[in-house]
Amino acid sequence: MGHGCCFWIPTCGSETNASLLPVVFTGDRVPISIINHPDRNSDFYTESSFSEAPPNHRLYHMEPWNDTRLSEFLLLGFSEEPELQPLIFGLFLSMYLITVFGNLLIILAVSSDSHLHTPMYFFLSNLSLVDICFTSTTVPKMLVNIQTQSRVITYKGCMTQIYFFLLFGVLDDFLLTVMAYDRYMAICHPLHYTVIMNPWLCILLVLVSWITSALYSLLQSLMALQMSFCTDLEIPHFFCELKQVVQLACSEKSLNSIMVYSGVGLLGVGPLTGILYSYSKIISSIHGIPSTQGKYKAFSTCASHLSIVSLFYCTGLGVYFISAATHSSQASAVASVMYTVVTPMLNPFIYSMRNKDIKRALKRFFEMPGIRITG
């Protein structure tokens with residue numbers, strides 16, 4: 001038996017927490033054993049562990065090392081320029097606070113006023129709650145990274161972010177579809193509305209939306225957990241977006257890519273088709289109303305929801321079209337801000353600016369004993 005050297009080379013992580021891979025040489029000598037040395041954390045470890053191999057023997061394949069305990073990802077965000085970080089921090093902090101407090105006001109208004117205990121406002125309050133959770137999945141981590149001047153997110157943190165981002169994103173999608181169905185029943189079948197849209201059906205629709213979203217996000221997250229990552233762990237985004245993470249994998253990822261785009265097709269285009277069908281029926285019914293005032297009143301009940309749907313779907317689907325057409329991660333990250341931050345922030349304004357019921361409920365809430373605001 002001849003002798004040579006078997007080298008352990010650090011791959012990902014710091015010098016002390018690096019994952020180690022054996023170097024495989026091709027030629028007349030091949031490694032016959034890998035020993036788990038107690039000092040594997042050293043930067044350079046050697047062992048006499050080579051033997052003579054048959055002539056022209058080659059080793060070409062090595063499985064990627066999947067030591068997820070030590071993996072970290074880097075969120076590159078929007079810009080690496082230090083002078084822009086305070087501006088980005090202030091902008092996103094402002095939008096996040098407006099989103100949280102604005103949607104909380106919608107929830108408080110609906111829950112405190114018995115006149116708003118209707119299916120439309122029940123779904124609206126659930127949408128506001130989901131928007132708060134949706135934004136809270138991504139923005140706080142980005143703000144912490146800017147404040148601490150760190151771009152690191154742990155492997156577990158990244159997988160957790162993927163799960164909750166998908167959960168609340170898909171739930172947002174379903175709730176918008178349910179709200180379109182509610183408007184369809186109210187305008188196209190007004191005589192049967194109160195019978196069909198009873199409290200039990202409303203609760204069931206929201207519950208099914210939660211369960212379906214949880215199962216879908218769990219499936220995608222479990223598939224992401226099976227991927228292996230090598231040395232390229234930089235995510236050109238401000239959060240762990242599933243499609244970006246899949247692209248970083250060095251293991252087989254064709255199935256993951258198929259699942260990502262299938263999910264966009266089924267849970268994006270599918271509900272959107274239902275929404276468009278509902279509004280085609282709504283427009284047809286409004287067109288049949290003889291009075292102009294009646295047409296305006298019927299359309300005004302749908303205008304707010306239609307605005308949110310347009311913002312959410314145009315920006316959400318636009319992210320995938322932009323990334324597919326330009327292959328620009330920066331453009332995709334900027335477009336993602338629209339449906340992850342801007343749309344949830346605008347939701348309270350769109351639903352309250354021209355909604356007299358919400359304004360009246362908020363006025364009553366702030367005039368309640370104990371919270372009256374005096375000059």
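Counting from 1, the numbers follow the sequence of the chain as shown. Here the structure is a predicted model, which is why all the values come from computation and not from measurement.
Every ring-ring contact (aromatic ring centres under 6.0 Å, His included) that Y184 has, sequence neighbours left out, goes to H189.
Looking only at distances, no side-chain donor or acceptor of S209 sits under 3.5 Å from a matching main-chain atom of L171. The backbone N or O of Y163 lies less than 3.5 Å from no partner atom in the side chain of Q220, so there is not a single donor-acceptor pair. At least one donor-acceptor pair under 3.5 Å links the side chain of H117 to the backbone N or O of V110. Although no hydrogens or angles enter the test, the distance criterion places no donor-acceptor pair under 3.5 Å between the side chain of T135 and the main chain of I132. Using a distance-only test at 3.5 Å, with no hydrogens or angles considered, a donor-acceptor pair links the side chain of N103 to the main chain of P344.
You'll find the side chain of L311 stays beyond 4.5 Å of the side chain of Y339, heavy atoms only. Looking only at side-chain heavy atoms (C-beta outward), V245 and M159 come within less than 4.5 Å of each other. Proximity of V152 to N145: side-chain heavy atoms (C-beta onward) are nowhere separated by under 4.5 Å. Between L205 and F123, some side-chain heavy-atom pair lies under the 4.5 Å cut-off. For the pair L143/F92, a side-chain contact is recorded, criterion being any heavy-atom separation below 4.5 Å from C-beta on. Residues L219 and M259 are in side-chain contact: their nearest non-hydrogen atoms beyond the backbone lie under 4.5 Å apart. You'll find the side chain of F122 reaches within 4.5 Å of the side chain of N126, heavy atoms only. Within the 4.5 Å cutoff, side-chain heavy atoms of I106 are placed close to those of L124.
Closest heavy-atom contact between Y351 and I358: O-CG1, 3.9 Å. Closest approach of T99 to V341, counting heavy atoms only: OG1-O, 4.0 Å. In terms of heavy-atom proximity, C188 sits nearest to S285 at SG-OG, 3.2 Å. Across S262 and I258, no two heavy atoms sit closer than the pair OG-O, 2.7 Å. The minimum heavy-atom distance linking L116 with A361 is given by the pair CD1-CB, 3.5 Å. The shortest heavy-atom contact between F349 and M345 is CD1-O, 3.3 Å.
In this structure, CE in M197 is found 8.5 Å from CZ in R183, a value given to the nearest 0.5 Å. Interatomic distance, I187 CD1 to S284 OG, rounded to the nearest 0.5 Å: 11.5 Å. Annotation: the span from L242 atom CG to I162 atom CD1 amounts to 5.0 Å, rounded to 0.5 Å. Atom CG of L167 and atom CG of D172 lie 10.5 Å apart (nearest 0.5 Å).
Note on V144 and L74: separate hydrophobic clusters, where clusters join Ile, Leu, Val, Met, Phe, Trp and Tyr whose side-chain heavy atoms are under 4.5 Å apart, directly or indirectly. Under the 4.5 Å side-chain contact rule for hydrophobic residues, Y121 and I196 share a cluster. In the hydrophobic cluster analysis, where Ile, Leu, Val, Met, Phe, Trp and Tyr join through side-chain heavy atoms closer than 4.5 angstrom, M338 is grouped together with L91. Linking Ile, Leu, Val, Met, Phe, Trp and Tyr whenever their side-chain heavy atoms come within less than 4.5 Å leaves L306 and I283 in two separate clusters. Using a 4.5 Å cut-off between side-chain heavy atoms of Ile, Leu, Val, Met, Phe, Trp and Tyr, with links allowed through other members, M223 and L248 fall into different hydrophobic clusters.
When each of T160, L233, L225 is tested with Y155 by the rule side-chain contact (heavy atoms from CB on, under 4.5 Å), just one qualifies, namely L225.
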Side chain to side chain contact (heavy atoms under 4.5 Å, CB included) assessment of S136 paired with Y96: CA-CA 8 Å; S136 299; Y96 178 67; 2.9 Å; yes
Residue pair Q147, F89: steps toward the side chain to side chain contact (heavy atoms under 4.5 Å, CB included) verdict: CA-CA 8 Å; Q147 190 67 19; F89 180 85; 3.6 Å; yes
Step-by-step side chain to side chain contact (heavy atoms under 4.5 Å, CB included) determination, D182 to Y193: CA-CA 9 Å; D182 173 71; Y193 176 73; 2.6 Å; yes
Worked verdict on F134 versus T340 for side chain to side chain contact (heavy atoms under 4.5 Å, CB included): CA-CA 7 Å; F134 188 39; T340 58; 4.1 Å; yes
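Listed by first then second residue, pairs satisfying disulfide (SG to SG under 2.5 Å) with a partner in residues 82-173 read C158-C240, not counting sequence neighbours.
The distance between the ring centers of Y279 and H305 falls below 6.0 angstrom.
Within a 6.0 Å radius of NZ in K281, other residues, nucleotides and ligands contribute 12 heavy atoms or fewer. Residue E83 qualifies as enclosed at atom CD: its count of foreign heavy atoms under 6.0 Å is above 12.
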